[in-house]
Amino acid sequence: MTDFPRAFRRLALCLPLSLLAVQPLAAQGIPAPSSLQAEGEVPWIYEGSDVPRDEEWLFGELDNGLRYGVRENGVPPGQVSIRVRIDAGSLYEEDDELGYAHLLEHLLFRESKYLGISEAIPTWQRLGATFGSDTNAETSPTHTVYKLDLPNVDPAKLEESMKLLSGMVRAPVLSDSNVATEVPIVLAEKRERGGVNERVSEASLQTLFAGQRLAERITIGTDESLRGATGASVQAFYDRWYRPENTVISVVGDLDPVLFASLIEKYFADWAVAGEPTPAPNFGDPLPPAGANGENPVGDVAVIVEPSLPRAFTYGYFKPWRQVLDTIVYNEGRLREQLALQLINRRLEARARSGGSFLYAQANEAKISRSTHATLVQFAPLTEDWEQALADVRSVIADALSNPPTREEMERELQEMEVGYANLVEQRSVLAGSGYADDLVNAVDIREAIAAPETFLMVFNSMREKATPENVLEETRKLFSGNVVRATYITPAANEATEESLAAALSADVKASGDARLTAQSISFDELPPIGEPGEVVARAPHSIGDVERVEFDNGVKALLLANDHEPGRVAVKVRFGGGLRAFDEDEAAIIQLGEGALIQSGLGELGQEELDRLATGRKMGFDFAIGEGAFSFNAQTRRQDLADQLYLFAAKLGMPRWDAAPLERAKAAARLAYQSYNASPAGIINRDLEYYLYGQDRRFLTPTPDMLDAVSLAEFRDTWTPALQQGPIEVLIFGDYDKEAAIETLRRTFGALPQREPLPADVSSGEFGFATPGETLVRKHSGEADQAAAVIAWPVGAGPAEIRKSRQLAILTEVFNNRLRDAMRERAGASYAPVVRLDWPTDVETGGTVTALAQLRPTDVPTFFREADRIASELTVTPPSEDELARATEPLRNYYERISSGNYFFLLELENSTIDPRRMMALRGLLNDYSSTTPDAMLALAQEYFAGTPGWRMAVIPEGQELATAAPASGAAATGR
């Protein structure tokens, strides 16, 4: 079975649509597949396994050894997801081929049998697929996967796509010129994701996986190896590993799965490769240190000093990875491991919450890249006293290794697990096809079978019946044992630790500490105080959109309700209230950030975070908090049976907030640690500073310094947030599978019972957000790598619901801009791997919209970015985009909104705030047409409105010690990446 966490995927949000009419295969000129495995035959993925077969999958194997799995799935409607997995990743590379597996991923998109140079991205866009989300690929240590989520599909479109994919996989053009062109793009990717974090990651890999291929083969490769690549050398790697025996194809979607199998046969059955397959290399085993004995064989350790990074400690127990028989008994053991780790992590979290020596700590088990079976413990010391933090973490784990858990502790975690697996069964009809397609390739990667949601629940129930404190203790001891113990400690301070002191601390005896064990105290919602006197419904009426109903209570609270069974087992709840960022003064940036981290964790009434966790046991509930420009919001995904309790929690947070010092201090510690790392890279500086400067140095957008955070007292935090929770209208939106009348009664007892709200002060409700004055380029500097920089250019645009239909047309223009900038900076100049242009059009305030272009690049390429962005903006104001450019922009947008616009959550987001501002409801009209239909003249008019005569505001982030380049490099330098 696939790893259990992979089963919990984001669900597609779609209402049923009529299935596309599909002609019989013979009528389409496609022969019936001969490779489908017959009924009664054990499918290839279940060989050696007693895991019940998921009957919705059909499996087949071609004579050349290629294997596949196909299934029908209508979520979202009209989409087919294709995955082509090659059993070759970075671990398959020789020393002079480092980075070739990933380079090949790029080259297959560059040119192939049916696609000319750089035609892949435009071709998929014309077919409606968005580059980067619907069309993508991934390279890992153990595989390379090509991914296509094809929207608005029909048999002809599917066949064309399968043909193009077959040409990419079977016949890429691996010429010297293509390699020479693509290598700078890969080097740009390497540079952009590199720097301090990448360097630390590499050092950690070399320590934790010492002696194994995984220690020396990062997926992106090395500059030396990539620059030495030629058409012939890459072709040799391709010939060795891109073979039908190493290929698995997964196709899931809204057409006949037999059609999928037929097309796989048609385009892959005659794929023949000469010679015998090359055996996979030996990945190596984690080996104990010489002379190791006893229960704690400490081996390789490393102290990694990086002044710009916060403290982080990782240690682990490493055992060899071995192929397993994927049986029910084996999976029961895996679930006991999960149970054991949940018990430990609950205790570690309790210790951290209580003001311990570490900010967080967590233990996880993983089978890593078919190289090791490891249990990793990670924690963040709060101070330089890492030894005390390590001792505290080890003491909690030592107690779990010495004493069995109580039945009450186990039952709490088992209830949590049961909710997850039961909810998966409830929602299987709305599980996205793309998730199923990924599940198959992931199962193949870890060499295990695939299972239906019902099987997961069955195995869980079987494990639950057999679980005892004693066998959980046994499983815990297995988890925390291994051939070798290894560790890394990342610290900003030199001389804080040595390898000898790390090894000594890990080898030292540790005393078991049971004070982090949680008592079996139970809390019931029935015991909680009422919010207040239940309110009365004063109005109920249709909301003019489908079956949405508007309900108003006598205290002014308004609700929008949409109840249906289109998404079984799923209820989305959102509560909007208050004034959002507008509610704060410019000197309250620290309180804003701390509110995001500590407001919910502070609890409500007499209940702290631990009590709230107990209340949520065995329930599917959430408590996300967000600060928008014009409102605050609570968000949750819940179930019909938990909806009443979810609404109580949200209302109680407004009606009886609690103010607790411990979560506030923990939020301060987390923010201090995060601030420490911002300066290490251009991306960090962008995250820290961009909005502050973009919005004219409005201090509400300022990232607070550690001194600002430390200055906030609990009293100040309470006094600022109390009125923010009490002011402004409340709007509750409940969309999904629930009983509407029961929900209205619950609302009457919760939100309807709150006191009348205070109106927003006039200066808050009329608050605006400004925009920076364009002028000279703002230069910020980072302390990271000397070859890393970033550049931003932005233009102010509209905001608010009045012109939201214009914003959709502007989204099309933004996509045209994005495609042109990517072509200029990536395809032609090789200067940036992933430049992006994005539109931000706030809908709950009337100001603050922007079109922003951003790229990470070399410092010498910053002028090239500004020159190209200016050129594109200027050209758009004079010459409208071509019909083909518009198709490449509108087809992905149209298909994206077609896929999501039939879902409950989509309507929730589109209708929020419409009880207060009816323009939001009116804006739904023409949505699909606005995104999919436009004219060159309309694009020209928009470009002239927002770009003509308006110089973009500029910001550049360059390394410390350098000056901003004022001229683009010579043409050869950018093109070669040298």
Side-chain angles (χ1 to χ4, degrees), residues 10-18 74-77 419 422-432 525 531 534-554 557-577 619-624 633-651 730-753 900-916 918 920-921 924 927:
R10 184 181 302 168
L11 302 182
L13 299 169
C14 301
L15 304 182
L17 296 181
S18 59
V75 182
V419 168
N423 195 54
L424 192 64
V425 173
E426 289 178 357
Q427 296 183 349
R428 83 168 290 171
S429 65
V430 291
L431 292 175
F525 274 93
I531 302 296
E536 296 298 328
V537 175
V538 295
R540 287 183 66 171
H543 199 53
S544 301
I545 298 291
D547 296 326
V548 178
E549 185 172 6
R550 171 176 171 157
V551 179
E552 185 170 350
F553 296 89
D554 56 359
V557 171
K558 299 178 178 67
L560 290 181
L561 308 177
L562 176 61
N564 56 49
D565 59 0
H566 299 313
E567 298 162 31
R570 187 181 180 98
V571 183
V573 183
K574 184 166 190 175
V575 180
R576 288 175 52 94
F577 62 95
R619 295 176 170 88
K620 180 174 174 57
M621 301 172 74
F623 214 139
D624 294 335
S633 64
F634 298 146
N635 297 272
Q637 298 291 339
T638 187
R639 306 179 298 172
R640 169 195 293 257
Q641 55 267 48
D642 299 323
L643 175 59
D645 296 336
Q646 181 72 70
L647 292 172
Y648 176 91
L649 290 181
F650 282 166
I730 295 175
E731 179 184 73
V732 185
L733 301 101
I734 310 173
F735 285 46
D737 179 15
Y738 64 98
D739 183 300
K740 184 192 295 186
E741 297 307 317
I744 292 173
E745 176 58 24
T746 300
L747 285 169
R748 197 176 68 82
R749 292 184 284 104
T750 54
F751 284 93
I900 69 169
S901 63
S902 58
N904 285 331
Y905 195 61
F906 170 83
F907 280 107
L908 183 152
L909 294 178
E910 289 297 315
L911 289 176
E912 65 174 323
N913 202 39
S914 63
T915 63
I916 298 160
R920 286 302 306 272
M921 182 172 58
L924 264 174
L927 181 141

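These figures come from a predicted structure and were not determined experimentally.
Considering CZ of Arg640 and CG of Asp737, their distance stands at 5.0 Å, rounded to 0.5 Å. Here the CZ atom belonging to Phe623 is positioned 6.0 Å from the CG atom belonging to Leu649, to the nearest 0.5 angstrom. For the atom pair CD of Glu731 and CG of Leu560, the computed distance is 5.0 Å after rounding to the nearest 0.5 Å. The line from CG of Leu911 to NZ of Lys574 is 11.5 Å long, rounded to the nearest 0.5 Å. Atom CD of residue Glu741 and atom OG1 of residue Thr746 lie 11.0 Å apart, to the nearest 0.5 angstrom. Atom CG in Asn913 sits 11.5 Å away from atom OG in Ser633 (nearest 0.5 Å).
The pair Arg576-Glu912 meets the salt-bridge criterion, with a side-chain N (NZ, NE, NH1 or NH2) lying under 4.0 Å from an Asp/Glu carboxylate O. Between Glu549 and Lys558 there is no salt bridge, since no side-chain N of the basic residue sits under 4.0 Å from a carboxylate O of the acidic one.
The two residues Ala563 and Lys740 come nearest to each other via the heavy atoms CB-CB, 4.1 Å. The shortest heavy-atom contact between Ser914 and His543 is OG-NE2, 2.9 Å. Minimum interatomic distance between Tyr648 and Thr750 (heavy atoms only, all atoms of both residues): CA-CG2, 3.8 Å. For the residue pair Val430 and Pro568, the shortest heavy atom distance occurs at CG1-CD, 3.9 Å. Of all non-hydrogen atoms in Ile900 and Phe906, the two that sit nearest each other are O-CB, 3.0 Å. Listed here is the closest heavy atom pair of Glu426 and Gly569: OE1-CA, 3.6 Å.
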Item to complete: Walk me through it: do Leu643 and Val573 pass the test side-chain contact (heavy atoms from CB on, under 4.5 Å)?
Response: CA-CA 9 Å; Leu643 175 59; Val573 183; 3.7 Å; yes
Worksheet item: Does the side-chain contact (heavy atoms from CB on, under 4.5 Å) test come out yes or no for Val551 and Leu747, once each step is laid out?
Response: CA-CA 10 Å; Val551 179; Leu747 285 169; 5.8 Å; no
Item to complete: Kindly determine whether Leu733 and Leu561 satisfy side-chain contact (heavy atoms from CB on, under 4.5 Å), including the steps that lead there.
Response: CA-CA 6 Å; Leu733 301 101; Leu561 308 177; over 6 Å; no
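Listed for the Asp642 side chain is a donor-acceptor partner under 3.5 Å among the backbone atoms of Lys620. Formation of a donor-acceptor pair under 3.5 Å by the Glu552 side chain with backbone atoms of Arg540 is not found in this model. Without hydrogens or angle criteria, Arg570 side chain to Gln637 main chain gives no donor-acceptor distance under 3.5 Å.
Between Phe577 and Phe634, the angle of the ring planes lies from 30° to 60°, which puts this pair in the tilted group.
Looking at Leu924 and Phe907, their side chains come closer than 4.5 Å, going by heavy atoms from C-beta outward. Proximity of Glu910 to Leu927: side-chain heavy atoms (C-beta onward) are separated by under 4.5 Å at one or more points. With contacts defined as side-chain heavy-atom distances shorter than 4.5 Å, the pair Glu536/Phe553 does not qualify. Looking at Leu647 and Val732, their side chains come closer than 4.5 Å, going by heavy atoms from C-beta outward.
Aromatic rings of Phe650 and Phe751 (six-membered ring for Trp) have centroids beyond the 6.0 Å cut-off, not under it.
Considering Asn904, Leu909, Val571, Asn564 in turn, Asn904 is the only one that fulfils the side chain to side chain contact (heavy atoms under 4.5 Å, CB included) rule with Phe735.
Within 6.0 Å of atom CG in Asp547, 12 or fewer heavy atoms from other residues, nucleotides or ligands are found, so the atom counts as exposed in its surroundings.
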